[in-house]
Amino acid sequence: MCRLRVLVDLPRHSRLDAVLDYLAPEPWPAGTLVRVPLGKREVCGIVWGMAETPDPAEADGEAPVLRSVVQVLTDLPPFTHGWLRLVAFAASYYQRSPGEVALSALPPDLRDLDAVQLARRLKRLDKALATAAKVANAAAQAGTPERPALSPEQQQVLDVLADGPPQPSLLFGATGSGKTEVYLREAERVLAAGRQALVLVPEINLTPQLEARFAERFPARCIVSLHSGLTPAQRLQHWLSAHLGRADLVLGTRMAVFASLPRLGLIVVDEEHDPSYKQQEGARYSARDLAVWRGRHEQVPVLLGSATPSLESWYNAGPAEAGGGRYRRLVMPSRIGGGALPAVRVVDLARIAAQFGKQALRAHPLAPPLLDALRERLDRGEQSLVLLNRRGYAPVLHCTNCGWKSACPHCSAWRVFHKLDRTLRCHHCGITERVPRACPDCGDPDIQPMGRGTERLEEQLADLLPGARVGRIDADSTRAKGSLAEQLASVHAGEVDVLVGTQMVAKGHDFRRMTLVAAVQADAALFSSDFRAPERLFSLLMQAGGRAGRDAALAGRSEVWIQTWHPEHALYAALRRHDYEAFAASQLAERESAGMPPFSFQALLRADARTPEAALAFLDAAALQAQALPGAQEVLIYPPVPAPIHRIADVERAQMLVEASGRVTLHRLLAQWLPALQGLSSEPATRVLRWALDVDPISI
DNA sequence: TCTGAGAAGATC
DNA sequence: ATCTTCTCAGAG
């Protein structure tokens with residue numbers, strides 16, 4: 001008999017570390033999948049290692065009586081050492097149990113399978129792969145697909161990438177500069193060497209088109225996707241193909257960073273700046289950061305691509321003297337085909353108001369010159385995109401008589417008016433009600449929408465541009481499965497002249513005949529309390545601008561219009577010149593003088609409770625604990641504050657920021673703090689509904 | 001006294 | 001997380 005240390009899915013705050021000891025008749029290597037008894041249940045576990053002594057129960061009666069492993073899933077090769085190390089690192093860095101990290105990285109279906117069911121699935125997978133291989137072979141016979149000639153910049157980047165030991169690189173390439181072609185060539189090199197490539201994208205929506213491009217380029221290869229939009233069975237099949245080394249290319253969202261890849265040879269993180277790479281619940285990991293770590297430790301190149309890199313990455317790719325030097329910086333400033341970047345026009349709303357009267361601006365959502373520009377596109381048969389990052393008809397309704405507003409009864413937020421189904425919906429807790437006929441407070445029937453969302457903008461544009469076909473793409477219009485693809489296809493087919501959309505259309509989609517992109521209400525982010533808001537705005541506008549003039553022939557007359565009350569703002573000035581570098585430099589200078597990331601490292605402790613007092617009391621007590629820990633002098637603990645939206649679904653949320661100048665300092669404190677926090681949450685005086693620690697938070 | 005919701009405790 | 005045991009209020 002030997003003792004196996006096994007990872008099971010237990011959250012960290014159960015004082016066990018989610019590594020439990022079990023007996024097995026023979027030893028199994030780390031990474032082996034097993035089924036073990038846990039309380040009254042039988043659960044999936046992963047062998048983490050062998051325990052030192054054979055069985056302490058024999059030596060001393062105090063030790064727990066060990067239970068036996070029920071089943072070993074021998075049909076599945078064990079996880080690689082590299083994968084296990086990734087799990088261990090992620091668990092310790094983000095302060096979760098390795099069991100939770102490991103098990104939540106598996107497809108849910110896999111966790112429920114016993115050996116017999118697994119064998120059946122594997123057989124079916126084998127058949128499916130054999131059929132796919134036949135198709136692939138036939139495709140390969142038909143000849144190798146044509147590859148576009150490389151631009152000098154692409155060639156140069158690829159030359160650098162081919163040179164030297166594997167390392168992380170930041171590919172800073174303008175929209176339309178052909179970053180995807182670089183990914184394809186790098187993948188080609190790696191595949192030819194018999195390795196697997198992992199490609200991460202920020203959103204599920206972006207997988208189909210990228211998958212199509214890879215499939216077109218590598219018709220003989222097995223390509224699978226990995227994201228939460230797959231059916232459980234698909235997800236298991238795709239995951240298994242990767243784990244068995246049968247899939248050559250794995251394309252997925254942040255969860256895919258944990259894909260088991262025995263022959264991993266390359267990791268690409270496309271749009272690396274995108275906040276979606278940060279997991280916002282459970283183990284709050286950054287898939288981009290884990291990708292970099294994984295690449296380093298598996299000695300595999302990591303390619304981070306973006307036209308507007310995160311300031312963290314930009315800094316890391318900067319000169320070593322300035323604290324960077326961690327990533328290689330690769331630059332592709334020009335668009336493929338020599339197309340110019342669209343001209344950026346900043347519309348000063350104050351001047352428009354002076355010129356046309358405030359009334360005109362109130363009645364019309366768009367400044368008259370912008371409206372003219374839209375008409376111009378319409379006359380030429382070109383398309384326009386009008387961006388508004390707010391869905392629904394109006395963000396709030398109000399009563400003109402008594403001042404009532406459509407507050408959500410459960411959240412500290414307004415309910416949004418959706419005209420299509422005449423509802424008031426809270427975008428935070430989801431509560432949906434019919435719009436009242438009259439003011440619920442005073443009975444006055446005159447309740448009016450305030451502000452505007454995409455629905456209203458769509459309606460107003462249809463009014464202002466008679467004859468134009470106005471379409472709208474946002475989370476509401478694409479709720480049904482497949483409807484986003486359908487609507488995008490209709491835009492591509494030229495069935496829409498003016499497209500209204502939220503940020504979901506600003507990302508990645510290629511609209512060939514689009515020559516105008518307008519952001520009508522961008523200013524809010526300029527004065528947000530979140531220090532990352534300007535970075536996100538710049539990136540959104542840059543990316544949106546990248547939708548315009550993708551067709552080199554039309555690039556010359558492509559424009560980005562931005563309506564603002566603050567035309568002098570440095571962000572817009574940099575945007576006008578397409579000058580990310582200047583923007584980044586000014587932001588970094590600001591961050592440095594304020595001691596904010598990337599010049600410091602942060603963690604955010606969040607607490608949810610029934611009352612704001614309880615949430616704050618927990619955090620206050622937590623702060624006292626932290627201050628008593630060794631090394632606390634090197635860590636800055638901010639006072640607890642209510643969250644930006646302090647109440648959601650009748651739960652009060654508060655948070656407390658902790659900051660240190662070094663990763664190690666911060667980490668040392670967190671590691672000691674966590675057990676103490678567990679103690680706090682079991683004391684009546686500081687009891688909360690939930691608490692969570694967010695390491696490297698991206699929204700504060 | 002009985003019952004059931006919710007808290008507390010354990011999981012190798 | 002999930003399952004069991006405990007505990008205390010309110011019904012019978």
Side-chain angles (χ1 to χ4, degrees), chain A residues 1-28 30-73 87-88 90-91 94-114 228 232 255 258 279-285 607-611 614-615 617-618 649-651 674-693:
Chain A
M1 272 296 176
C2 54
R3 260 170 82 209
L4 294 181
R5 313 218 66 213
V6 177
L7 299 181
V8 290
D9 189 10
L10 287 172
R12 169 140 193 174
H13 41 268
S14 53
R15 279 195 301 283
L16 309 150
D17 218 12
V19 189
L20 304 182
D21 287 0
Y22 289 90
L23 295 173
E26 48 183 315
W28 293 96
T32 305
L33 218 60
V34 292
R35 298 198 62 78
V36 293
L38 181 67
K40 285 278 149 100
R41 299 174 293 156
E42 184 190 302
V43 298
C44 178
I46 297 167
V47 177
W48 193 233
M50 296 275 288
E52 296 299 311
T53 52
D55 185 355
E58 291 164 13
D60 92 38
E62 297 284 301
V65 180
L66 299 184
R67 302 173 74 181
S68 293
V69 168
V70 176
Q71 201 171 48
V72 180
L73 300 163
V87 165
Y94 295 105
Q95 301 294 332
R96 312 294 294 200
S97 76
E100 182 193 5
V101 172
L103 275 297
S104 59
L106 304 187
D109 269 22
L110 180 67
R111 281 184 278 178
D112 301 331
L113 294 186
D114 64 28
S228 58
M255 60 154 63
F258 285 110
Q279 171 89 39
Q280 293 293 9
E281 59 200 10
R284 295 165 181 247
Y285 62 86
D608 290 0
R610 275 271 114 80
T611 65
F618 173 85
D650 289 323
V651 171
L674 229 76
L677 285 170
Q678 268 141 230
L680 264 193
S681 50
S682 58
E683 299 215 6
T686 49
R687 179 145 298 143
V688 287
L689 291 171
R690 270 183 303 276
W691 61 272
L693 186 71

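- Here the C1' atom of nucleotide C/dT2 and the NZ atom of A/Lys40 are 12 Å apart, to the nearest Å.
- Atom pair A/Leu66:CG and B/dT11:P shows a separation of 12 Å (rounding to whole Å applied).
- Taking atom CZ of A/Arg690 as the reference point, atom C1' of C/dA1 lies 14 Å away to the nearest angstrom.
- Residue A/Glu42 contributes atom CD, which lies 21 Å from atom P of C/dA1 at whole-angstrom precision.
- A/Arg67 comes within 4.0 angstrom of sugar-phosphate atoms only, judged by non-hydrogen atoms across all strands, and of no base.
- Residues A/Val36 and A/Val8 have side chains in contact (heavy-atom distance under 4.5 Å, counting atoms from C-beta outward).
- Contact of the A/Leu10 side chain with the A/Ser97 side chain is not registered, since no non-hydrogen atoms from C-beta on lie closer than 4.5 Å.
- You'll find the side chain of A/Leu38 reaches within 4.5 Å of the side chain of A/Tyr22, heavy atoms only.
- As rounded to whole Å, 9 Å separates atom C1' of C/dA1 from atom CG of A/Leu38.
- Considering all non-hydrogen atoms of both residues, A/Ala614 and A/Arg687 come closest at CB-O, 4.3 Å.
- For A/Tyr22 and B/dT11, the OH to P distance is 11 Å, given to the nearest whole Å.
- The nearest whole Å value for the distance from the CG atom in A/Leu10 to the C1' atom in B/dG9 is 13 Å.
- Within the 4.0 angstrom heavy-atom criterion, no nucleotide atom of any strand lies near A/Arg111.
- Summarising the geometry, the separation between CG on A/Leu689 and P on C/dA1 is reported as 13 Å, rounded to the nearest angstrom.
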